Amino acid sequence: MVKITFIQPDGSEQVVNADPGVTLMESAKMNDVPGIEAECGGACACATCHVYVDDAWREKTGTPSTMEEDMLDFAFDVREQSRLSCQIKLTPDLDGLVVRVPAKQF
Amino acid sequence: MSLDVSTPSVATSTIETDAVIIGAGPVGLFAVFELGLVDVKAHVVDILDKPGGQCAELYPEKPIYDIPGLPIVTGQELTNQLLKQIEPFGPVFHFGERIDTLERLPDERFRLKTDAGTEFITKVVVIAAGGGSFTPKRPPLQGIEGYEGTSVLYSVRRMEALRGKSVLIVGGGDSALDWTLNLQPIAKSITLLHRRDEFRAAPHSVAKMREMVETGDVRLMIGQVTALHGEGDKLQGATVKTKDGEERLDVDVMLPFFGLTMKLGPVADWGLQLHENLIPVDTEKFETSEKGIFAVGDINTYPGKLKLILSGFHEVALMAQQAAKYVYPGKKVLFQYTTSSSSLQKKLGVS
């Protein structure tokens with residue numbers, strides 16, 4: 001299992017356990033993490049599963065692909081830590097991952 | 001307004017038809033086929049400028065694996081194949097239009113009007129609107145609603161209205177770049193704001209924009225809007241965050257281009273029973289709370305509903321049986337197979 005901590009804008013934390021192989025977005029949806037909308041269902045077509053990856057984990061999650069960068073143009077308050085959670089596949093390497101949920105998806 | 005049942009007051013542009021299908025996604029397209037088999041002629045209206053709905057707009061290149069008989073097909077391929085499949089039934093498409101109003105006429109038919117002024121009088125309505133209408137995304141900036149339509153515009157209907165204005169254009173795709181180039185000659189000033197110094201727009205537009213930035217005709221800023229300032233519905237400024245800090249710009253108009261999202265839209269105002277932005281239907285006819293109005297595909301809900309294209313295909317087949325009863329009252333709808341029925345094959349143009 002891969003343990004992930006989602007931190008909400010108000011600072012509250014939710015720890016979820018997911019099977020390796022699912023995406024970060026799917027792990028959020030399966031565990032009803034608020035603020036991850038994933039309107040398009042994970043097609044990298046909407047930017048409503050936007051998260052900020054904790055700096056300590058950015059190297060392990062990697063950088064967005066061109067398509068993901070393009071889609072991040074449609075997100076709000078995009079930062080260096082911004083990723084679309086549907087594009088992060090969970091691996092045992094990511095056990096302990098910490099991400100922040102933005103104040104708004106749009 | 002009262003209407004004489006025998007001679008409804010029909011405007012010259014009014015289209016009379018058997019069925020109006022709202023939404024040209026895969027399920028709306030296949031509705032043309034199933035209705036066609038039972039001789040129900042259809043017009044199809046979609047807010048997008050092309051057929052395919054989400055398949056074409058959101059994931060044209062993404063493979064779909066759960067269409068029976070097609071182990072792998074992309075959204076665009078599926079759309080193309082459906083268009084070919086429904087060709088024999090001669091559907092009439094109305095793209096780039098949204099049905100805004102629906103009213104029932106005294107003779108039980110419906111009058112529908114689009115935002116472009118097209119008017120239909122139809123015997124049945126098939127709502128195949130998926131996740132709703134695609135509408136421009138509204139940046140979550142405080143108070144933005146108050147400026148919309150006057151100084152925050154998601155599309156430009158009249159360029160003249162922007163003559164002499166200080167315009168802030170936000171985004172990095174074709175819309176943002178096209179309007180930067182088109183408005184530059186008439187606006188007082190143009191600032192193009194994008195979160196990164198890379199643009200998705202057509203390379204020649206990007207090159208042209210860079211030239212204008214060189215000559216000082218356009219200001220390019222890399223950053224994001226964080227706040228709007230103004231009085232009443234008049235925008236006066238925007239706070240922009242860049243890597244160097246925050247800057248307040250004096251602007252009269254902002255054009256944000258952040259893509260599209262799906263909203264239920266006008267369907268919500270048609271007096272249909274709704275449940276969490278979905279339309280409850282029965283599973284025999286896929287009819288809504290209103291006789292003669294059907295809902296199929298992602299927009300409907302019933303016990304066990306799955307939002308799958310293949311479920312929508314099943315739904316339109318059953319819907320068509322009931323629709324035929326309304327269009328041809330008293331006529332027996334004979335159940336037939338396309339493989340063996342000479343009458344169906346004639347309709348398909350294969351016999």
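Computed from a predicted structure; not experimentally measured. Quick note on labels: first sequence line is chain A, next is B, and so on, each numbered from 1.
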Approximate separation, where rounding is to 0.5 Å, of B/K62 NZ and A/C44 SG: 6.0 Å
Under 4.5 Å from a heavy atom of chain A, the part of B/K137 involved: both
Within a reach of under 6.0 Å around NZ of B/K208, are more than 12 heavy atoms found that belong to other residues, nucleotides or ligands? no
Any chance you could measure B/L141, atom CG, to A/K104, atom NZ, to the nearest 0.5 Å? 8.0 Å
Return the CZ to CG distance between B/R200 and A/D73, rounded to the nearest 0.5 Å. 4.5 Å
Test side chain to side chain contact (heavy atoms under 4.5 Å, CB included) on A/E69 and B/E198; report intermediate values, then the result. CA-CA 10 Å; A/E69 277 288 3; B/E198 269 175 68; over 6 Å; no
Side chains of B/P139 and A/F76: does their closest heavy-atom pair fall under 4.5 Å? yes
Can you name the nearest heavy-atom pair linking B/L58 to A/A45, along with the distance? O-CB, 3.2 Å
Part of A/A103 lying under 4.5 Å from any heavy atom of chain B: neither
Report which part of B/R196 has an atom under 4.5 Å of a heavy atom belonging to chain A: side chain, backbone, both, or neither. side chain
Honestly, the part of B/K241 sitting under 4.5 Å from a heavy atom of chain A is side chain
Taking every non-hydrogen atom, the tightest pair across A/E39 and B/M262: OE1-N, 3.9 Å
Between the OG atom in A/S82 and the CZ atom in B/R195, the distance rounded to the nearest 0.5 Å is 7.0 Å
